[in-house]
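Naming: A, B, ... by sequence-line order, numbering from 1 per chain.
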Amino acid sequence: MPSTQIIPLSYYQQNDTLTLAKDLIGRRLFTCINGKITGGTIVETEAYIGPLDKASHAIDGRRTKRTEILFKSGGRAYAYLIYGLYTLFNVTTGKKDKPECILIRAIKPETGIETMKERRFGNYNSTKKVISDGPGRLTQALAIDKSMYGLPLNSEVLWIEEGIDLSSQIVATPRVGIDYAEEFADKKWRFVVPVPGT
DNA sequence: GCGGCGATCCACT
DNA sequence: GTGGATCGCCGCC
């Protein structure tokens, strides 16, 4: 359905990843699975800047089957399983051989809300719970899983549109769940817009 | 309201 | 064999 609003892959390959992590706030992420379009506005991101970043899977240039996609040019999906339960969704960034990416941690649900509720809670009674606030919840709501590993972000099933400017509301904080990353645990590489109802 | 913990997979040591 | 870029539930304050 998309059209001119889709962000071209070249966008992800320029600038630096910290700038892009902030710039992605306010843009709109969509999936189309089995004919059902779901999506919303990105309100929380985190930057992972390998090989220096001790929180990155590509620390020290670590290159494995899992991280391989990070070494290609930016604009693709890096989806992987964590804790044996949840899929986390990242956008790869930068040029070839620059293993950088941005974790998408939350969206404000806007399109296909009923479908997202079904995926998260089943067919009943879900009024109190958040839909896509948190990286594991987000992938469940949008039905993103490891099969999307490597998909370009302008594809028929997964894409990002231009969205709106929320830059004045962005707060920078330390990233979540990476206490082990020593000096990198304190870097304010998480960007979030405080919004209710995600 | 908040802290602790179990669930459950797989890439990497 | 280990431990994680998490979540939701349960128990207690």
Whole angstroms only, please: what is the [atom1]-[atom2] distance between [X] and [N]?
X	N	atom1	atom2	result
A:I82	B:dA7	CD1	C1'	14 Å
A:Y83	B:dC5	OH	C1'	13 Å
A:D60	B:dT13	CG	P	11 Å

Run through A:V43, A:L142, A:V195, A:T198 and flag the one making a side chain to side chain contact (heavy atoms under 4.5 Å, CB included) with A:I107. A:L142

Could you list where the contact with chain A starts and ends along DNA chain C, reading 5' to 3', using a 4.0 Å heavy-atom cut-off? C:dG4 to C:dG8

Pair assignment for C:dC13, Watson-Crick or G-U wobble, requiring both distances under 3.5 Å: none

With both distances kept under 3.5 Å, what pairs with C:dT2, Watson-Crick or G-U wobble? B:dA11

On the 0 to 90° scale, with breaks at 30° and 60°, tag the A:F30-A:W159 ring pair as parallel, tilted or perpendicular. parallel

Taking B:dC5 as the reference, what is the distance to C:dC13 when you measure between their P atoms (whole Å, please)? 15 Å

For atom C1', what is the distance between C:dG8 and B:dC10, given to the nearest Å? 22 Å

Taking for each residue the nucleotide of DNA chain B with the nearest heavy atom, is it A:R62 or A:L81 whose nucleotide lies nearer the 5' end? A:L81

Checking [Y] against [X]: is there a side-chain donor and acceptor pair closer than 3.5 Å?
X	Y	result
A:T173	A:R190	yes
A:E46	A:Y48	yes
A:R120	A:Q140	yes
A:Y80	A:N90	no
A:T111	A:T38	no

Hydrophobic cluster membership, A:I7 vs A:L103, 4.5 Å side-chain cutoff: no

By nearest nucleotide on DNA chain C, pick out whichever of A:I178 and A:R137 is the more 5' one. A:I178

Considering only heavy atoms, which members of residues 84-112 of chain A lie under 4.0 Å from some atom of DNA chain B? A:G84, A:L85

Classify the nucleic acid contact of A:R175 as base, sugar-phosphate or nothing, counting any heavy atom under 4.0 Å across all strands shown. nothing

Hey, does A:R190 reach any base, or is it just sugar-phosphate, or nothing, if we go heavy atoms under 4.0 Å? nothing

If you draw a 6.0 Å radius around NZ in A:K98, do more than 12 non-hydrogen atoms from other residues or ligands fall strictly inside? no

